[in-house]
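Let me begin by presenting the structure, written as structure tokens, before commenting on it.
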There are 2 protein chains.
Amino acid sequence: MKADTLKGHLDALVLSVLAAEPAHGYAIIERLKLRSGGAFALPEGTVYPVLHRLERGGFLSSEWTEVAGRRRRVYRLTRSGRRELGLRKNEWNAFSRAVQAVLA
Amino acid sequence: MKADTLKGHLDALVLSVLAAEPAHGYAIIERLKLRSGGAFALPEGTVYPVLHRLERGGFLSSEWTEVAGRRRRVYRLTRSGRRELGLRKNEWNAFSRAVQAVLA
DNA sequence: CTTGACACATAGCGTCGCTATGCATACCAT
DNA sequence: ATGGTATGCATAGCGACGCTATGTGTCAAG
């Protein structure tokens, strides 16, 4: 998978993972890898800034937790985040159909 | 359609349009609009640099033509461009499936 | 006691689509 | 004639954002 294929779609992916249940950054990375069949193996330097950005935008809220001596920042969708996910999904569907139509 | 949704996929779209038949920049824009059902209405400032980039990469060749007092630069796929289109299509399919799997 | 998984953070880079702008020709309606 | 619209190409500069590289620290396994 080339570098910039994700550009503009990563937010939707992260929101979608968090729609299932709250999770911390590292776990989000694992779930993206799993749910994409290995296609999305994202470096931490990609994901953490996304989480900060989404939280700044009001789409996520977060809190520190401590599990087995390890601190984790657990993120969850806000109401606004859930709405945003809906928009992003629609956008993806429109985009995906359009690309398909051109490439066909 | 948001600004950066296309990022990383535009080359494939342009190559795909030119795979049907050679065309000049402005016509490529029109065909993208048409074939995408209006979803892709790209400004010239987006498309012309792509054409230059693809030609520099050896995926396109071009020549000036004169039609009804208007000069046009007509682009056509090279053999390498045809191969590249195949790769890009595969990449798109993999990407698209992966996103679908995560968003589902 | 070192390797590797877990866990977070951020500075800096590079790519690339978009905006804005400029130039030029053709055609149509007023 | 003239002004608007479509046609046609080009490029400077901006901004967004994913990635690399690097740093910090904990814990389990060998």
Side-chain angles (χ1 to χ4, degrees), chain A residues 1-15 22-34 36 39-57 59-60 62-75 88 91 95 98-99 102, chain B residues 1-15 22-34 36 39-57 59-60 62-75 88 91 95 98-99 102:
Chain A
M1 191 79 62
K2 289 187 64 176
D4 278 357
T5 18
L6 269 177
K7 215 84 174 230
H9 306 285
L10 181 52
D11 290 10
L13 299 178
V14 169
L15 290 172
H24 62 286
Y26 199 85
I28 293 170
I29 291 174
E30 293 303 309
R31 289 186 199 167
L32 277 175
K33 204 180 305 180
L34 190 66
S36 69
F40 300 140
L42 306 181
E44 290 135 294
T46 290
V47 174
Y48 290 119
V50 171
L51 292 171
H52 302 159
R53 199 202 316 150
L54 288 173
E55 184 168 27
R56 238 176 12 250
F59 304 122
L60 302 179
S62 72
E63 49 178 341
W64 285 106
T65 62
E66 181 91 14
V67 175
R70 286 201 184 94
R71 72 202 239 282
R72 296 170 168 179
R73 191 159 195 99
V74 173
Y75 293 86
R88 297 308 199 104
E91 230 183 74
F95 173 68
V99 172
V102 173
Chain B
M1 191 81 61
K2 288 186 65 175
D4 277 357
T5 17
L6 268 178
K7 215 88 173 225
H9 305 287
L10 181 52
D11 289 11
L13 299 179
V14 170
L15 290 172
H24 62 287
Y26 198 86
I28 293 171
I29 291 175
E30 291 304 306
R31 291 187 198 166
L32 277 174
K33 205 181 302 178
L34 189 67
S36 68
F40 301 140
L42 307 181
E44 290 136 292
T46 291
V47 174
Y48 291 119
V50 171
L51 293 171
H52 301 159
R53 199 201 316 147
L54 288 174
E55 184 168 26
R56 238 176 13 250
F59 304 123
L60 302 180
S62 71
E63 50 178 341
W64 284 107
T65 62
E66 181 90 12
V67 175
R70 283 200 185 96
R71 71 202 240 283
R72 298 171 165 176
R73 191 161 195 97
V74 173
Y75 293 87
R88 296 307 199 103
E91 230 182 75
F95 173 68
V99 172
V102 172

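All figures in this text were calculated on a predicted structure; none of them were measured in a lab. Heavy-atom basis, side chains included; hydrogens, waters and symmetry copies ignored.
- As a whole-Å value, the separation of A:Leu6 CG from C:dC16 C1' is 15 Å.
- Projected onto DNA chain D by closest heavy-atom contact, A:Pro49 and B:Tyr48 fall at different nucleotides, the more 5' of which corresponds to B:Tyr48.
- Atom CD1 in A:Ile28 sits about 11 Å away from atom P in C:dA9, given to the nearest Å.
- In this structure the side chain of A:His24 never reaches within 4.5 angstrom of the side chain of A:Trp64, judged on heavy atoms.
- A salt bridge does not link B:Glu91 with B:Arg88: every distance from a Lys NZ or Arg NE/NH1/NH2 to an Asp or Glu carboxylate oxygen is 4.0 Å or more.
- Rounded to a whole Å, the CG atom of B:Leu42 is 9 Å from the P atom of C:dG17.
- Reading DNA chain D from its 5' end, the first and the last nucleotide to sit under 4.0 Å from a heavy atom of chain A are D:dC17 to D:dC27.
- Distances shorter than 4.0 Å separate some side-chain N or O of A:His52 from OP1 or OP2 on C:dT10.
- Pairing each heavy atom of B:Ala39 with each of A:Ala98, the nearest pair is CB-CB, 3.7 Å.
- Nearest heavy atom pair, residue A:Thr5 against residue A:His9, reads O-CD2, 3.9 Å.
- Taken from CD1 in B:Ile28 to OH in B:Tyr75, the straight-line distance is 7.5 Å, to the nearest 0.5 Å.
- The distance between atom CD of B:Glu66 and atom P of C:dT25, rounded to the nearest whole Å, is 10 Å.
- Contact annotation: B:Arg53 does not reach the phosphate of C:dT15 (side-chain N/O to OP1 or OP2, under 4.0 Å).
- For B:Leu54 and C:dG17, the CG to C1' distance is 14 Å, given to the nearest whole Å.
- If you check C:dC16, C:dC8, C:dC18 against the side chain of A:Arg71, the one that comes closest is C:dC8.
- Remark on DNA chain C: of its neighbouring residues A:His24 and A:Lys7, the 5'-side contact belongs to A:His24, judged by nearest-heavy-atom nucleotide.
- Note: A:Tyr26 OH to A:Arg72 CZ = 10.5 Å, rounded to the nearest 0.5 Å.
- Between A:Val99 and B:Leu6 the shortest side-chain heavy-atom distance does not fall below 4.5 Å.
- The residue A:Gly69 sits close only to the backbone: its heavy atoms come under 4.0 Å of sugar-phosphate atoms, none of a base.
- Between the P atom of C:dA9 and the CG atom of A:Leu51 lies a distance of 9 Å, rounded to the nearest Å.
- When the C1' atom of C:dC6 is taken as reference, atom CZ of A:Arg72 falls 8 Å away, rounded to whole Å.
- Residue B:Ala27 is out of contact with every strand shown, counting any heavy-atom pair closer than 4.0 Å.
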message: side-chain contact (heavy atoms from CB on, under 4.5 Å) for A:Phe40 and A:Leu10? Distances and angles first, verdict last.
response: CA-CA 10 Å; A:Phe40 300 140; A:Leu10 181 52; over 6 Å; no

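- Nearest heavy-atom pair, B:Arg31 versus B:Pro22, reported as atom, atom and distance to 0.1 Å: NH1-O, 4.1 Å.
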Look for any protein N or O under 3.5 Å of an N or O in nucleotides 1-4 of chain C and output each such pair with its distance, or none.
none

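- Atom CD in A:Glu30 sits roughly 14 Å away from atom C1' in C:dC8 (whole-Å rounding).
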Donor-acceptor contacts under 3.5 Å from residues 41-51 of chain B side chains, at least two apart:
none

